[in-house]
2 protein chains.
Amino acid sequence: MRPLTHPSIEDITVEGILHALSDPVRAAIYAQLACAERANTCSAFLQVEDRSIPKSTLSQHFRALREAGLVRSERHGVEMLNTTRCGEIEQRFPGLLPAILKAHSIQSAGRPKPSRRKAAAKPKAG
Amino acid sequence: MRPLTHPSIEDITVEGILHALSDPVRAAIYAQLACAERANTCSAFLQVEDRSIPKSTLSQHFRALREAGLVRSERHGVEMLNTTRCGEIEQRFPGLLPAILKAHSIQSAGRPKPSRRKAAAKPKAG
DNA sequence: TTCTTTAGTTCGTATGTTTCGAACTATGGG
DNA sequence: CCCATAGTTCGAAACATACGAACTAAAGAA
């Protein structure tokens, strides 16, 4: 088992950040971590946005967030504690993460509820 | 041949935007369109960031940008004219696109030249 | 109209990425 | 040592992407 690598701040790329956050599950995880008071375990996210995420998939999502430089993970006993690296990233790319988080919150505010509805088709696409 | 569909503004998603711009070629195209005075054709981007993009690949990239709602494409005679929809998107997600473009420009400013160098490995990844 | 050129799209295939269950590793407690 | 808990890795199926070959669409020339 390889020992959890984190990119150093200058190896973090915009493309990597955008790709990591372009997945709705990872975006939700990151948003929740970003406004959390203290570190969260992985399994705190087995339920995200009203759907169940299998443990192995969740592990891949955390790896993606780690390798994009968005979160830092540390083993504490039997569990992993995850925190965002938003301070560092704010220094390198000022305003980027706040803008993305804000856009996400605008988007979820515009949707009535996380119930199953089919996005109402696209009426006028011209 | 299907007749070029554009999503209406309320169907544009943050995930879609981030995914579209997480590709370096599309990000470069978008950045160039964003600061262009007038509309650009597709083939203006057959050379992007010192590499050649095949025509068919370029066509897919433009489709991705269109379907994410980032650009609007119109046929003018034999060519396609592309413009960004940044005004609309600024209304829906204020600050998002400027922050991403700024981050991209910070990133390219930090890189010495677009010559082939292997990113100098990762020294301290802990 | 038909031929030709230019600009972009679609198709097919090879290659890469993502998902998820099964099996595994790592740590702490009895 | 044995067991439980928390995460990781493996492997196969499903999905996405890249690009050459073949195509369509518009405009101009003959």
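Residue numbers begin at 1 in each chain, while the letters A, B, ... track the order of the sequences.
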Inset, instruction - Take A:Gly77 and B:Ser43, find for each the nucleotide of DNA chain C with the closest heavy atom, and name the residue whose nucleotide sits nearer the 5' end. - result: B:Ser43

Legend entry - Minimum-distance nucleotide to A:His61 side chain [options: C:dT19, D:dT8, D:dA6]: C:dT19

Legend entry - Pairing of B:Arg72 and B:Glu88 as salt bridge, 4.0 angstrom limit: yes

Inset, instruction - Mind checking B:Arg66 for me? I need base, sugar-phosphate or nothing, with any heavy atom below 4.0 Å counting as a touch. - result: sugar-phosphate

Inset, instruction - Using atom types as modelled and distance alone, determine if a side-chain donor or acceptor of A:Glu90 lies under 3.5 Å from a backbone N or O of A:Gly95. - result: yes

Inset, instruction - Rounded off to whole Å, could you give me the CD1-to-P distance for the A:Ile53 and C:dT18 pair? - result: 15 Å

Legend entry - Shortest side-chain distance from A:His19, nucleotide among D:dG20, D:dA18, C:dT18: C:dT18

Legend entry - Candidates C:dT10, D:dG20, D:dG7 - which lies nearest the side chain of B:Pro54: D:dG20

Legend entry - Verdict with supporting geometry, B:Arg66 and B:Ser73, side chain to side chain donor-acceptor pair (under 3.5 Å): CA-CA 7 Å; B:Arg66 248 194 328 269; B:Ser73 313; 3.3 Å; yes

Inset, instruction - Output yes when at least one side-chain N/O atom of A:Arg2 is less than 4.0 Å from OP1 or OP2 of D:dT9, else no. - result: yes

Legend entry - Interatomic distance where CD1 belongs to A:Ile29 and P belongs to D:dG7 [whole Å]: 12 Å

Inset, instruction - Give the nucleotide from the list C:dT19, D:dA25, D:dT8 with an atom nearest to the side chain of A:Thr57. - result: C:dT19

Legend entry - Candidates D:dA6, D:dT9, C:dG8 - which lies nearest the side chain of A:Arg75: D:dA6

Legend entry - Closest approach of B:Ile106 to A:Pro94 (non-hydrogen atoms, all atoms of both residues): CD1-CD, 3.6 Å

Inset, instruction - Nearest whole angstrom, please: distance from the C1' of D:dT24 to the CD of B:Glu79. - result: 17 Å

Inset, instruction - Specify the separation, in whole Å, of atom CG of A:Leu4 and atom C1' of C:dT25. - result: 13 Å

Inset, instruction - Take the protein atom CG of A:Leu58 and the nucleotide atom P of D:dA6, then report the distance between them rounded to whole Å. - result: 13 Å

Inset, instruction - Mark yes or no for whether B:Arg92, through its side chain, and B:Ile9, through its backbone, hold a donor-acceptor pair below 3.5 Å. - result: yes

Inset, instruction - Go through C:dT9, C:dC20, D:dG7 for me and flag the one nearest to the A:Gln60 side chain. - result: C:dC20

Inset, instruction - Go through the side-chain N and O atoms of B:Gln107 and A:Thr13 and say whether any donor and acceptor fall under 3.5 Å apart. - result: no

Legend entry - A:Lys55 vs B:Met1, nearer the 5' end of DNA chain D by closest nucleotide: A:Lys55

Inset, instruction - Could you check how far CG of A:Leu46 sits from C1' of C:dG21, rounded to whole Å? - result: 15 Å

Inset, instruction - Between C:dG21, D:dC19, D:dA25, spot the one nearest the side chain of A:Ser56, thanks. - result: C:dG21

Inset, instruction - Whole angstrom is fine here: how far is it from CG in A:Leu65 over to P in D:dT8? - result: 12 Å

Inset, instruction - Rounded off to whole Å, could you give me the CD-to-P distance for the A:Glu67 and C:dT18 pair? - result: 11 Å

Inset, instruction - Please work out if A:Ser59 contacts a base, only the sugar-phosphate, or nothing of the nucleic acid, heavy-atom cut-off 4.0 Å. - result: base

Inset, instruction - Report the nucleotide, chosen from D:dA18, D:dT8, D:dG7, that has the shortest atom-to-atom distance to any side-chain atom of B:Asp23. - result: D:dA18

